[in-house]
Amino acid sequence: MGNSQNLFPHQHFVNAELRRKLTKQKPILIWLSGLSGSGKSTIANELEKKLYENGFLSYLLDGDNIRIGLNKDLGFSDEDRKENIRRISEVSRLMLDAGLIVITAFISPFEEERELAKTLVNKENYFLVHVNCSVEKCEQRDVKGLYKKARAGEIKNFTGIDSPYEIPSDPNLIVDTEKETVSESVEKIFHAISEKIT
Ligand code: ADP
């Protein structure tokens, strides 16, 4: 566990409270969870655009900027998935402290890992959105061709095929991308968080 017993965190003068006065926004972590192809990245992108247009400073953490960089040493075993989420949560925690509205777009299939994220950032800062879409529909979309590969056995432990997706038992919000348009889902999320971020 390293030498954490010899670490003494400083109380910084410029703290979250002062930064909040400067940015005039209240940080929150919007955690999008759902199957591959359910629409997390699409919704996250549009939500970030909407936040930007409304004068909010945000940052989007997704597979592209995390799996390729910070977490490039991690695979998809249960242990690595847990470490992936732990690091994402810790980065989110720093970004929240910096005053940003953070959006994460990761499958995050396990209740345990979502609970870990919630604990690490404190539950009042955590807003879980279940991006709901059936496996059949996601497979039909197959945006990245991954379902095809998983069916062919070229990818192991693929969520929805040979690895489970645990439906969030207590999400703050559910969007249904089979029934809603992208902008309807984005509006729903923006409406739900708008009082929390000001
Ligand atoms: P994920 O990030 O969850 O893997 P993506 O956002 O990459 O999913 O892909 C979702 C695909 O589904 C995109 O091609 C998107 O255009 C399409 N799509 C169709 N309807 C919706 C909707 N209502 N919400 C989000 N995405 C949708």
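Counting starts at 1 for both ligands and their atoms, following the listed order. If you're wondering where the values come from, they're calculated on a predicted model, not measured in any experiment.
- In terms of polar-atom proximity, defined here as any N/O pair under 3.5 Å, V143 makes no such contact with ligand 1.
- At a heavy-atom cutoff of 4.0 Å, ligand 1 is contacted by no atom of E184, backbone or side chain.
- The six-membered or imidazole ring of Y147 lies near that of F158, with a centre-to-centre distance under 6.0 Å.
- The closest non-hydrogen atom to atom 16 (O) of ligand 1, taken over T42, N45, I107, comes from T42.
- Checked options K82, K118, R81, R86; the residue passing with E112 is K82 (criterion: salt bridge (charged side-chain N to carboxylate O under 4.0 Å, His left out)).
- Among the atoms of G37, some N or O lies under 3.5 angstrom from an N or O of ligand 1.
- Contact between A105 and ligand 1 is absent, with no heavy atom of the residue lying under 4.0 Å from the ligand.
- Using modelled atom types, one side-chain atom of T177 and one backbone atom of S38 make a donor-acceptor pair closer than 3.5 Å.
- The closest non-hydrogen atom to atom 7 (O) of ligand 1, taken over C133, G63, S41, comes from S41.
- The shortest heavy-atom contact between Q25 and G55 is OE1-O, 4.5 Å.
- In this structure, the protein non-hydrogen atom closest to atom 21 (C) of ligand 1 is R141 NH2, 3.7 Å.
- Contact analysis leaves L32 out of contact with ligand 1, as no non-hydrogen atom separation drops below 4.0 angstrom.
- Near K144, with a cut-off below 4.0 Å to any heavy atom, the atoms of ligand 1 are 4 (O).
- By the 30° and 60° cut-offs, the orientation of the rings of F190 relative to F56 is perpendicular.
- Using a 4.0 Å cutoff on heavy atoms, S38 counts as a contact of ligand 1.
- Every atom of ligand 1 is numbered from 1 in the order shown, and the set under 4.0 Å from a heavy atom of T181 is 23 (N).
- The hydrophobic cluster containing I174 does not contain I30, counting ILVMFWY residues as joined when their side-chain heavy atoms lie under 4.5 angstrom apart, directly or transitively.
- Residues P164 and T159 approach most closely at O-CG2, 3.8 Å, considering heavy atoms.
- Interface atoms of ligand 1 facing L35, defined by a heavy-atom separation under 4.0 Å, are 3 (O).
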>> Checking E139 against R151 for the salt bridge (Lys or Arg N to Asp or Glu O under 4.0 Å) test, could you report, in this order, the C-alpha distance in whole Å, the side-chain angles of both residues, the deciding distance, and whether it holds?
In response: CA-CA 10 Å; E139 190 164 3; R151 289 286 182 204; 2.8 Å; yes

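- Using a 4.0 angstrom heavy-atom cutoff, K179 does not count as in contact with ligand 1.
- The atoms of ligand 1 that sit less than 4.0 Å from any heavy atom of S36 are 4 (O).
- Closest protein heavy atom to atom 8 (O) of ligand 1: G39 N, 3.2 Å.
- Protein heavy atom in closest approach to atom 23 (N) of ligand 1: E180 O, 2.6 Å.
- Closest to atom 3 (O) of ligand 1 among all protein heavy atoms lies K40 NZ, 2.7 Å.
- A salt bridge is defined here as a Lys NZ or Arg NE, NH1 or NH2 lying under 4.0 Å from an Asp or Glu carboxylate O, and R87 with D73 meets this definition.
- With respect to E46 and K50, no salt bridge is recorded, no charged nitrogen being found less than 4.0 Å from a carboxylate O.
- Residue contacts with ligand 1, taken as heavy atom pairs separated by less than 4.0 Å, do not involve D62 at all.
- For the pair E180 and V175, the tightest heavy-atom approach, listed with the atom from each and the gap, is OE1-CB, 3.5 Å.
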